[in-house]
Visitor: 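Submitted below is the structure of interest, expressed as structure tokens.
Note that ligands are numbered from 1 as they come in the structure, with each ligand's atoms numbered from 1 the same way. Values below: every heavy atom of this structure, side chains too, minus hydrogens, waters and symmetry copies. Note that the coordinates shown come from a computational prediction; the quantities given were computed from them, not determined experimentally.
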Amino acid sequence: MDSSSSRNDDLNLRDDESKEFFPGYKDVDAFVKHGLGSVFLATKASGGLPQIGDEFDFYRSFPGFQEFCQVQGDKLLICMSQIMQHHNCRSLMRDCNKLTGLEERFDLVVDSNDVILEKVGILLDEADGVNRSQQPVMPTGYQPPKIVVSSWNRKGSGSGGRSETFRLLQAKNIQRPQMKFKDKIDNSNTPFIPKIFIKPNALKPLPSYFTTQHLRKERPEDLDVPAALADLIHQQRTQEYKVDMFAHPYQFELDNLSVPDSILSKTEPKMYKPIEETSCQFIDTLEDLVALNEKLNKVSEFAVDLEHHSYRSFLGVTCLMQISTREQDFIIDTLELRSEMYILNESFTNPSAVKVFHGADSDIEWLQRDFGLYVVNLFDTHQASRALNMARHSLDHLLKHYCKVDSDKRYQLADWRIRPLPDEMAVYARSDTHYLLYIFDCMKAQLFDFNHGQPGLIQSVWNRSKDISLKKYAKPIFTEESYLELQRKQKRSFNTQQLTAFRLLFAWRDKLARQEDESTGYVLPTHMMIKISEELPKEPQGIIACCNPIPPLVRQQVNELHLLVQEAREMPLLKAEIAMQKNKGLLPIKKPQVTLFGPHDTSRVPDHTEPHVSANDLPIKEGVLFDDDQKSDNNIEKIRHLVASAKITLFEEPDVKEMLESLSVVQMKARRIRESFENPFRMYLPSTGVHVNENAKFDPSSKIFEISKRWKLQTMEQQQKDLESTKKAKAEAKLQAKKAAEDRQKAKESYQESLENVATVRQLAKCAKVDGKKRERVPSEVGESTPKPSKKLKSTEKNRKTEAPSEESFKPFDYSQSDFKVFSGSKSKDNSQFDPNKQSHEPRKKKMAAGKKRVPVAESKSMSYVAGTSNRGFRHNWPKK
Ligand code: AMP
Ligand code: MN
Ligand code: ZN
């Protein structure tokens, strides 16, 4: 449990500290019991109502039922309006527009729930002595902060792991700290690789991958070759280190760590030094950091906490580290010392010193992600609080409980990037660790007492803490299915068009967030994304109207977004179609039409009509599509190309599973590069699913999935036949040499015939070939943002928030959806690639480029990919052990 979930615990109604009397009820418990009972009954009753799409439609055909529903519905609306009015919320539930009414009402309910639950939270805090109603304090000179209370109803929508349910502060005019980072931020859609390169306190040496400087430092994007190739080279070179690359560097040490005696012995709590009498050192130089590390090496326990910023960064940045010993407090400017922080690994992994954190889950990940720091011998007071069954598990509560300190949580969500750090914020930050060692003492003693003087309980807390320190940071990985995860959480049903819009917006947002190094919530908050998807505005203005306030990047790229929405609107509405078919009494499933295929598709031509041509009929050279290697002497093969057989090898279709399995990594890679060329013949190929609406496969109400499955089976059969006929053809060709003249005549006829049709296709093919060559560099420019199948990822990893696709589920990524301009500066080209399936994209690209020119936005411009050599010279000499 991390600290955010401990905050959720704040909502627990079984707060034993409030003892109020409710009219009509003996005590709080009686009231809660009654309330829960009513809620339970109501839920049960609503579950028993006829379901939409099931009995409801039948019942509705009776006027009596309709009337009853109307009356009850109105009653409920009135009741809800009254509750909302009571809480001073907008409550015009009944005056809503008939068409959009449901959504508007839903929004009203969501908003009201937010307000009510927020009040509940504040009241619970007040009951607990925490005053949250104070406004967050910001340093003078900054604009008044804006508090965004994101919805309780939509919580858990963030991809960054932390719940987005709480207040977020936006402070303007803060320099992006990323600009100063010595090491580039890696927002690429590739798994995180530990940053560690020196391993103090090692029982098992650091794998050579991390210590071999040239390997470690060599990132695919640094190689001076096209990125796809660079990736391949990089992967080749790192192949043998794969296991090491994703392992926890201190796994062995942690596995072999036994509970230190200091934990197992009962000691008297040592009172904290009064804060006024304690020195607090602000550390922003390397010398001071080294000195601090020396100090920490000498103590047997110290407390640690971090402050973090996640709004204006894709992955988030750790802004401050607070450390307290029994004697002193330290605040480290981790923005300044980001690439030097690793030296603390010496004290952080020292097994004989206890590191006390409160709710370390996120901290452990941030330490790894930003500094390559690990913790050996962790004690998490949040875990202790759980073991002790405390009423609440937040740090504020522990401070109040053990130290009688009212912590001022106004700064918790302040913008921790602000420099110089305002005094008030420093005071707040410091109080997060200052008392923690004393709290640790008290909890330890209590854990003993709880367990009749036995160390069992404390041992279990320590073990839980160890599990937390074994957590591995996992970067958010974008896959073709990511949007579905988010969509599922929203518990809203989308039709095909809406779901398409959601998918496109999701991909746009992810791409842009990585590219600009902003959080996805900054680029386009999820609730706005949903609103746009639901409304599918016809005009760009409509998109703006869905967003309040308008995110800068939405404003900047509204034309791009509009085109995405348009693309979604063009999707056929499956549900409606199926319903219509049902109404007409037609069979819902129709066999796919052969006419979907062009005349060049021989896969559907019956066996006996093949081949049209004989061995003697020499093909015209330019008729041989893509025959680059000139190796093939088989004229029949060439002729088969000529009649535009669907087997064009340059553009293999990706769906051959057993083949993939037998491929080596290199072959797989090569395959991917090849697949990144778009196949102008895709629509003519039998095995593609392009005629089946991709979304239909996910639409539970549609039969399309079945159709597409059947379709695949069918095409597989065809392919089989095809293959057989090829063999047959060869044999026949040899046998029928005598009939050459006759056959030639036939072939000429058929060729003449096909030529008429082929002509355009051949042009396209040529075009594609030229383009393909031009585009050879394009996949290379895909660079960081191109979602790749994460083959490097080990799916066995525990504790992962983002399960990345495993090697087995290798699925080539559709490069046509990538932004080739990403990270490539001005390299972008206007690609006039022809793709029968993607024509609608063309104008978009142009417009987008124009849009970008028109609206320069200073703040959102990414400055995080500052080139510059990392200043690691010093590191080679440190630490000398
Ligand atoms: P803390 O451990 O309470 O000092 O929190 C560390 C960091 O976690 C803060 O700097 C915030 O960035 C983040 N954080 C803390 N509480 C919340 C919250 N309620 N919602 C979102 N982020 C939070
Ligand atoms: Mn913390
Ligand atoms: Zn803190």
Side-chain angles (χ1 to χ4, degrees), residues 1-11 117-118 121-122 124-125 130 132 136 145 147-152 155-171 177 303-313 315-324 329-335 355-367 369-370 375 378-383 385 392-399 405 407-418 421 424-436 439-440 465 468-469 471 519 521-522:
M1 271 281 167
D2 63 14
S3 46
S4 75
S5 41
S6 78
R7 275 163 197 106
N8 285 344
D9 291 344
D10 295 359
L11 274 180
L117 287 169
E118 182 72 12
I122 291 169
L124 281 174
D125 276 341
V130 182
R132 267 222 222 171
I147 299 172
V148 180
V149 183
S150 79
S151 174
W152 290 91
K155 74 183 174 162
S157 57
S159 54
R162 245 175 197 276
S163 153
E164 287 174 355
T165 317
F166 302 93
R167 292 147 192 261
L168 219 53
L169 289 180
Q170 305 174 343
V304 186
D305 186 38
L306 303 175
E307 301 307 329
H308 185 257
H309 178 87
S310 58
Y311 190 53
R312 302 301 307 272
S313 143
L315 299 170
V317 276
T318 307
C319 301
L320 279 190
M321 179 188 279
Q322 307 97 282
I323 292 182
S324 291
D329 299 327
F330 304 89
I331 296 178
I332 308 170
D333 184 349
T334 55
L335 296 177
K355 270 66 69 178
V356 183
F357 283 67
H358 180 84
D361 302 62
S362 304
D363 304 55
I364 291 294
E365 295 192 12
W366 297 336
L367 289 172
R369 183 196 62 198
D370 292 348
V375 180
L378 168 73
F379 188 96
D380 189 331
T381 49
H382 179 249
Q383 294 303 327
S385 167
R392 317 249 308 269
H393 309 306
S394 59
L395 182 62
D396 345 354
H397 185 249
L398 299 189
L399 281 170
V405 170
S407 66
D408 184 353
K409 281 283 165 188
R410 280 181 296 167
Y411 295 97
Q412 188 168 48
L413 293 166
D415 193 325
W416 290 100
R417 300 173 301 168
I418 298 169
L421 189 68
E424 308 96 294
M425 285 170 74
V427 168
Y428 165 82
R430 173 186 186 193
S431 70
D432 268 355
T433 54
H434 180 80
Y435 306 95
L436 208 52
I439 292 176
F440 161 64
S465 306
I468 293 172
S469 55
K471 276 185 87 163
S519 66
Y522 174 81

Visitor: Might you point out which heavy atoms bring Ile364 and Ile468 nearest each other, and give the distance in Å?
Guide: CG2-O, 3.5 Å

Visitor: Testing Asp380, Asp363, Val375 one by one against Lys355 for a side-chain contact (heavy atoms from CB on, under 4.5 Å), which residue passes?
Guide: Val375

Visitor: Please confirm if an N, O or S atom belonging to Asp305, backbone or side chain, lies less than 2.8 Å from the Mn ion (ligand 2).
Guide: yes

Visitor: May I ask you to list the atoms of ligand 1 that are less than 4.0 angstrom from any heavy atom of Glu307?
Guide: 4 (O), 5 (O), 6 (C), 7 (C), 9 (C), 10 (O)

Visitor: Please name the atom of Asp305, restricted to N, O or S, that is closest to the Zn ion (ligand 3).
Guide: OD2

Visitor: Identify, by atom number and element, the atoms of ligand 1 in contact range of Trp416, meaning under 4.0 Å from any of its heavy atoms.
Guide: 10 (O)

Visitor: What do you reckon, does Tyr428 have a nitrogen or oxygen under 3.5 Å from a nitrogen or oxygen of ligand 1?
Guide: no

Visitor: Just give me the atom name: the N, O or S atom of Glu307 closest to the Zn ion (ligand 3).
Guide: OE2

Visitor: What N/O/S atom of Asp432 is the closest to the Zn ion (ligand 3)?
Guide: OD2

Visitor: Backbone or side chain, does any N or O of Asp432 fall under 3.5 Å from an N or O of ligand 1?
Guide: yes

Visitor: Does Trp366 come within less than 4.0 angstrom of ligand 1, counting non-hydrogen atoms of the residue?
Guide: yes

Visitor: Assess, by modelled atom type and distance only, whether the side chains of His358 and Thr381 contain a donor and an acceptor separated by less than 3.5 Å.
Guide: yes

Visitor: Under 4.0 Å from any heavy atom of Leu306, which atoms of ligand 1 are there?
Guide: 4 (O), 6 (C)

Visitor: Considering Leu413, Asp415, Asp361, which one's heavy-atom position lies nearest to atom 17 (C) of ligand 1?
Guide: Leu413

Visitor: Aromatic rings Phe440 and Phe379: how do their planes relate, parallel, tilted or perpendicular, breaks at 30° and 60°?
Guide: perpendicular

Visitor: Mind listing the closest non-hydrogen atom pair of Asp396 and Ser407 along with its distance?
Guide: CB-OG, 3.6 Å

Visitor: How close do Gly359 and His382 get, counting heavy atoms only, and between which atoms?
Guide: N-CB, 3.4 Å

Visitor: So which atom in Gly316 and which in Arg369 form the shortest heavy-atom distance, rounded to 0.1 Å?
Guide: O-NH2, 3.0 Å

Visitor: I need the atoms of ligand 1 closer than 4.0 Å to a non-hydrogen atom of Gln412, numbered in the order shown.
Guide: 3 (O), 9 (C), 10 (O), 11 (C), 15 (C), 16 (N)

Visitor: So, for Ala360 and Phe357, which heavy atoms are closest and what is the spacing to 0.1 Å?
Guide: CB-CB, 3.6 Å

